[in-house]
Amino acid sequence: MIDSDVLGFYNLGLEQTRLQDPRRSVEFWRTRDVLARHLPPPPATVLDVGGGPGAYALALADDGYDVTLVDPVPLHISQATQASRAHERALRRALCGDAREVPVDEQHDAVLLLGPLYHLITADDRARAWSEARRCVRPGGVIVAAAASRYYACWESLASDKMPLPGVAQALEMQLRTGEYRNPSGEERLWTTAYFHAPDELAAEARSAGLLVRSLVAVEGPAKLLGDLGERMADPERRQHVLDTQRRIEEEHSVLGLSQHMLAIAERPADR
């Protein structure tokens, strides 16, 4: 069962347009770049677990992939289904379900966990999500999982040059110490209940699930701290410069903790 605070936040409907914001679009473009290099070629089957309103699922369907989307928020399923009808290449299906108990039986060529690990506070719940992803991917298939970095918020607060809102400093202290975050005031801009990974922790979780970790990459790296990032991402030529630069250093360990998001690219061993 999804946490009530998390469900309440996503029922605000903000996720549908979040990645369209120029500053936040770097997350979308960089994730798409990583997926293009690590997923098997279309028409491979992809299971997008926690795929929200379908930003990545629909883009992958447009690329020719056979995509099934699963998300625990009914609003997201409704939004993804409606958007799918407007696409030339529709999703195979969109199902309401939890990453800890994925409502599919068949195995896929690739499984995406681009959201669930953000909101699974306990190690046991995250282990269940990894185990379910492994169950749903064929031997030799790939799993791509996203995590929020434990340390990025410190740098973001400095880059904004604004004093933190009431309660934020205390919430950050707990986040740095335990990885757990709770919204201190209920304001929607302060997000919702979440878990923030240390880089090595994300890779360790994948290995504990019996997966081989191909790569651990920083998504945005330090780019998100640029004051004019929105203007750069709105211009195709300048955007490509941002993406190319981050790609060059995406696997550098010292950059991982500075990035807002990280991706673990893992593989289910072919003999298991």
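When reading the values below, keep in mind they use all heavy atoms of this one structure, side chains included, and skip hydrogens, waters and symmetry mates.
- With hydrogens and angles left out, the side-chain atoms of H261 and E220 include a donor and acceptor closer than 3.5 Å.
- A salt bridge links R128 to D125: one of the charged nitrogens lies within less than 4.0 Å of a carboxylate oxygen.
- Counting heavy atoms of neighbouring residues, nucleotides and ligands inside a 6.0 Å radius, atom NE2 of H241 does not exceed 12 of them.
- Note on L112 and V34: same hydrophobic cluster, where clusters join Ile, Leu, Val, Met, Phe, Trp and Tyr whose side-chain heavy atoms are under 4.5 Å apart, directly or indirectly.
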Pair H76-E15, side chain to side chain contact (heavy atoms under 4.5 Å, CB included): steps then yes or no:
CA-CA 8 Å; H76 289 168; E15 188 65 16; 3.7 Å; yes
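- Interatomic distance, T193 OG1 to R182 CZ, rounded to the nearest 0.5 Å: 5.0 Å.
- A distance of 8.0 Å separates OG1 in T45 from CD in E106, rounded to the nearest 0.5 Å.
- Closest non-hydrogen pair, A110 versus L39, comes out as CB-CD2, 3.7 Å.
- Taking the ring centroids of F28 and Y56, they lie under the 6.0 Å cut-off.
- With hydrogens and angles ignored, the 3.5 Å screen pairs no side-chain donor or acceptor of S131 with any backbone N or O of A127.
- Using modelled atom types and a 3.5 Å distance limit, the side chains of E180 and T178 yield no donor-acceptor pair.
- In the hydrophobic cluster analysis, where Ile, Leu, Val, Met, Phe, Trp and Tyr join through side-chain heavy atoms closer than 4.5 angstrom, I143 is grouped apart from L35.
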What verdict does the side chain to side chain contact (heavy atoms under 4.5 Å, CB included) test give for L172 and Y181, after you've listed the backbone C-alpha separation in whole Å, the side-chain angles of each residue and the deciding distance to 0.1 Å?
CA-CA 7 Å; L172 180 59; Y181 170 80; over 6 Å; no
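- Contact between S149 and G257 at its shortest, heavy atoms only, is OG-O, 3.0 Å.
- Under the 3.5 Å distance criterion, with hydrogens and angles disregarded, a donor-acceptor pair is assigned to the side chains of H197 and E205.
- Of the inter-residue distances, the one linking I265 atom CD1 with L216 atom CG reads 7.5 Å to the nearest 0.5 angstrom.
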For the pair E250 and M262, evaluate side chain to side chain contact (heavy atoms under 4.5 Å, CB included) and give the outcome as yes or no after the intermediate values.
CA-CA 9 Å; E250 65 182 9; M262 304 170 286; over 6 Å; no
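- The backbone N or O of T192 sits nowhere less than 3.5 Å from a side-chain atom of N183 that would complete a donor-acceptor pair.
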Determine, stepwise, if the pair V104 / R93 fulfils side chain to side chain contact (heavy atoms under 4.5 Å, CB included).
CA-CA 11 Å; V104 301; R93 53 186 171 164; 3.7 Å; yes
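- Contact record, L75 with G13: CD2-CA, 3.8 Å, taken as the closest heavy-atom pair.
- Annotation: the span from N11 atom CG to F9 atom CZ amounts to 11.0 Å, rounded to 0.5 Å.
- Note on D124 versus R100: no salt bridge recorded, every NZ/NE/NH1/NH2 to OD/OE distance being 4.0 Å or above.
- Looking only at atom types and distance, the side chain of Y195 has a donor-acceptor partner in the side chain of E201 under 3.5 Å away.
- One finds a salt bridge joining E27 and R18 here, because a Lys/Arg side-chain nitrogen approaches an Asp/Glu carboxylate oxygen to under 4.0 Å.
- Taking the six-membered ring where the residue is Trp, Y10 and H119 present perpendicular rings, their angle passing 60° and hence far from 30°.
- By the 4.5 Å heavy-atom criterion applied to side chains, T17 and R24 are not counted as neighbours.
- One hydrophobic cluster holds both L256 and L202 under the rule that ILVMFWY side chains link at heavy-atom gaps under 4.5 Å.
- R134 contributes a side-chain N or O that, together with a main-chain N or O of A209, makes up a donor-acceptor pair within less than 3.5 Å.
- Without hydrogens or angle criteria, E252 side chain to S254 main chain gives a donor-acceptor distance under 3.5 Å.
- Between R23 and D21 there is no salt bridge, since no side-chain nitrogen of the basic residue lies less than 4.0 Å from a carboxylate oxygen of the acidic one.
- W191 places a side-chain heavy atom less than 4.5 Å from the side chain of Y118.
- Both V70 and W130 belong to a single network of hydrophobic side chains, linked directly or stepwise wherever heavy atoms of I, L, V, M, F, W or Y lie under 4.5 Å apart.
- For CD of E187, the number of neighbouring non-hydrogen atoms (other residues, nucleotides, ligands) closer than 6.0 Å is greater than 12.
- For the pair R30 and Q246, the minimum side-chain heavy-atom distance is below 4.5 Å.
- Scanning both residues, A129 and L117, for their nearest heavy atoms gives CB-CD2, 4.3 Å.
- Taking the side chain as every heavy atom from C-beta outward, C136 and L47 approach each other to under 4.5 Å.
- Going from atom OG of S25 over to atom CZ of R32 covers 13.0 Å, rounded to the nearest 0.5 Å.
- A 4.5 Å side-chain heavy-atom check between V49 and L69 finds every atom pair outside the cut-off.
- Nearest approach of V219 to S259, heavy atoms of both residues: N-OG, 3.3 Å.
- In this structure a side-chain-to-backbone donor-acceptor pair under 3.5 Å is missing from T68 to R92.
- Inspection of the S215 and E251 side chains reveals an N or O donor paired with an N or O acceptor under 3.5 Å.
- Counting non-hydrogen atoms of other residues, nucleotides and ligands closer than 6.0 Å to CG of D244 gives a total above 12.
- A salt bridge links R135 with E132: the distance from a Lys NZ or Arg NE/NH1/NH2 to an Asp or Glu carboxylate oxygen falls below 4.0 Å.
- Closest non-hydrogen pair, A44 versus Y65, comes out as O-CD2, 3.4 Å.
- By the 4.5 Å heavy-atom criterion applied to side chains, D109 and D66 are not counted as neighbours.
- Taking hydrophobic clusters as Ile, Leu, Val, Met, Phe, Trp and Tyr residues chained together by side-chain heavy-atom distances below 4.5 Å, W155 does not share a cluster with L229.
- Taken from CZ in R89 to CG in D62, the straight-line distance is 8.0 Å, to the nearest 0.5 Å.
- Within a 6.0 Å radius of CD in E237, no more than 12 heavy atoms belonging to other residues, nucleotides or ligands are found.
- Proximity of a side-chain donor or acceptor of R268 to a complementary backbone N or O of G141 within less than 3.5 Å is not detected.
- At least one side-chain heavy atom of R37 sits less than 4.5 Å from a side-chain heavy atom of R247.
- No side-chain heavy atom of V137 sits under 4.5 Å from any side-chain heavy atom of V142.
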